[in-house]
Number of protein chains: 2
Amino acid sequence: MTDTTNLVSIVKKFTSKIMSKKIPETTIIRLSVYYRALRQMSEQGVESTSSERLAEVVGYTAAQIRKDLAYFGQFGVPGRGYYVADLKLNISRILGINREWEVVLIGAGRLGEALIAYKGFERQHFRIVGVFDNNPDKFGKVRAGLTIRDIEELPKVVAEQKVEIGILTVPADQAQLVVNRMAEAGLKAILSFVPAPLEVPEGVILRRVDLAMELEALSYYLTLKTR
Amino acid sequence: MTDTTNLVSIVKKFTSKIMSKKIPETTIIRLSVYYRALRQMSEQGVESTSSERLAEVVGYTAAQIRKDLAYFGQFGVPGRGYYVADLKLNISRILGINREWEVVLIGAGRLGEALIAYKGFERQHFRIVGVFDNNPDKFGKVRAGLTIRDIEELPKVVAEQKVEIGILTVPADQAQLVVNRMAEAGLKAILSFVPAPLEVPEGVILRRVDLAMELEALSYYLTLKTR
DNA sequence: TATTGTGAAGGAATTCACAGCC
DNA sequence: GGCTGTGAATTCCTTCACAATA
């Protein structure tokens with residue numbers, strides 16, 4: 001389905017699509033969902049599918065799926081649907097997970113340690129290559145094969161290993177300071193588990209996972225029902 | 001600012017507002033953010049603020065903030081702004097966090113244990129009152145003051161303690177089964193950390209926190225920049 | 001025939017801008 | 001004078017519906 005005889009024009013088309021239109025963030029999240037569903041199909045030996053069938057699995061509408069994909073190109077065959085392997089590969093390219101990403105983790109507290117040990121780290125697209133803390137008592141300790149190091153060494157490791165992504169699991173009161181250091185060290189993207197708003201310099205991407213906010217949303221909907 | 005001399009009409013207005021309009025989910029998430037900012041202001045001794053100043057702190061527009069609040073009532077004073085304590089209280093009522101919620105956690109693996117120990121559990125609005133697993137080797141072990149119990153006991157605990165919220169941290173392959181048991185046990189809301197799509201029966205709310213998806217979003221934006 | 005890809009329509013959320021109130 | 005609350009305008013996102021096509 002991917003016409004390898006004319007790769008240049010496809011890449012051009014692909015790139016220009018991405019460049020021109022503005023793509024909703026929700027589309028990116030859904031692509032992750034499609035990717036998982038496709039991987040599962042692939043493992044079950046399913047070779048092809050349709051937007052309709054995929055929609056059943058993931059819980060969005062078929063039109064939504066086709067629209068999401070249309071932002072990036074044409075990956076299906078009218079009248080036939082999509083080849084699972086092909087679409088999966090294309091989505092992995094769009095998401096940039098057709099490679100391995102090295103990741104550092106800053107903050108070797110409980111949550112940090114849990115994440116280090118968390119094998120479900122999505123099948124090796126992301127690999128933790130360094131763990132840092134500012135507590136000297138922890139330096140040298142080993143967790144899941146990784147030695148906890150002084151955060152002073154962060155810039156060196158980031159530069160040497162060309163790391164771009166950092167996971168932040170420090171206490172809220174130190175978080176902004178650490179974010180600044182992460183940015184200075186050259187990290188380009190931060191996934192924060194800190195329950196506080198943080199500012200990042202231009203050019204650095206920040207995403208937050210906030211437990212409390214998620215629970216509060218549940219609390220809201222539960223309260224709403226009984227109001 | 002809350003006119004306690006005429007509480008009934010205020011409550012009526014409040015309720016009817018919520019009932020009539022459809023409120024964006026993003027508004028609820030932002031309310032959580034406002035709440036944190038207001039709590040911080042409150043701790044710093046700030047007594048009043050404006051949508052403009054709040055906007056600077058949280059990173060949304062002032063109009064957005066006013067619109068979000070308008071879904072639920074009138075909490076400010078034209079020309080003066082908002083009283084911090086008052087607005088904070090109102091938002092906590094909207095979110096349903098002007099009380100304590102008992103929570104159970106199912107899946108005493110690494111992530112589960114990290115969450116149990118996670119003190120940042122947002123200042124006691126949510127308290128874990130039970131930990132469950134299906135591995136007999138773990139039964140009776142104590143984590144952060146909580147004894148790990150047989151998941152068979154879940155219905156009993158949920159009923160006795162009137163628990164409505166459950167946190168799910170089991171492996172993906174068992175997750176759907178466990179979700180079903182949670183729903184049967186009477187839980188009304190589930191916060192899942194499982195990296196897989198899950199189905200819940202009517203009337204049960206499910207929210208997902210998916211590490212891999214968050215990292216994939218970062219990967220996408222990083223890839224985009226260099227494409 | 002079956003299903004994609006996509007303009008056009010419809011619906012939601014955000015931003016604007018200002019009347020009204022403190 | 002300053003700031004809220006809110007209709008109107010705008011922008012963004014989703015769904016519809018169908019021409020194009022393997």
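Residue numbers start from 1 in every chain, and the chains themselves are labelled A, B, ... in the order their sequence lines are given, proteins ahead of strands.
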Would you please confirm or rule out a distance under 4.0 Å between OP1 or OP2 of [N] and any side-chain N or O of [X]?
X        : N       : result
Arg30(B) : dT14(C) : yes
Arg80(B) : dC22(C) : no
Tyr82(B) : dG5(D)  : yes
Gln74(A) : dT6(C)  : yes
Ser51(A) : dT4(C)  : yes
Thr26(A) : dT14(D) : yes
Gln64(A) : dC13(D) : no

Distance in angstrom units between [X] [atom1] and [N] [atom2], rounded:
X        : N       : atom1 : atom2 : value
Lys22(B) : dC13(D) : NZ    : P     : 15 Å
Asp86(B) : dC3(D)  : CG    : P     : 18 Å
Arg66(B) : dG20(C) : CZ    : P     : 16 Å
Arg53(A) : dT4(C)  : CZ    : C1'   : 13 Å
Leu31(A) : dC13(D) : CG    : P     : 14 Å
Ile65(A) : dT4(C)  : CD1   : P     : 9 Å
Leu54(A) : dT3(C)  : CG    : C1'   : 14 Å
Asp68(B) : dT4(D)  : CG    : P     : 14 Å

*Any donor-acceptor N/O pair, Thr223(A) side chain to Ser219(A) backbone, under 3.5 Å*: yes

*asked:* When you measure from the side chain of Trp101(A) to the backbone of Gly96(A), do you find a donor-acceptor pair of N or O atoms at a distance under 3.5 Å?
replied: yes

_Closest-nucleotide ordering on DNA chain C, the 5'-leading residue of Thr61(B) and Lys67(A)_ = Lys67(A)

_Are the side chains of Arg207(A) and Ile190(A) in contact, using a 4.5 Å heavy-atom criterion?_
no

_Assess, by modelled atom type and distance only, whether the side chains of Ser51(A) and Arg66(A) contain a donor and an acceptor separated by less than 3.5 Å._
yes

*Nearest to the side chain of Pro78(B), which nucleotide is it out of dT6(C), dC21(C), dT6(D)?*
dC21(C)

*With respect to the side chain of Ser50(B), which nucleotide from dC13(D), dC3(D), dT6(D) is positioned closest?*
dC3(D)

*Taking the six-membered ring of Tyr60(A) as reference, does the NZ or CZ atom of Arg30(A) fall below 6.0 Å from its centre and within a 45° cone about the axis?*
yes

*When the nearest nucleotide of DNA chain D is assigned to Ala63(A) and to Pro24(A) on a heavy-atom basis, which residue is associated with the more 5' position?*
Pro24(A)

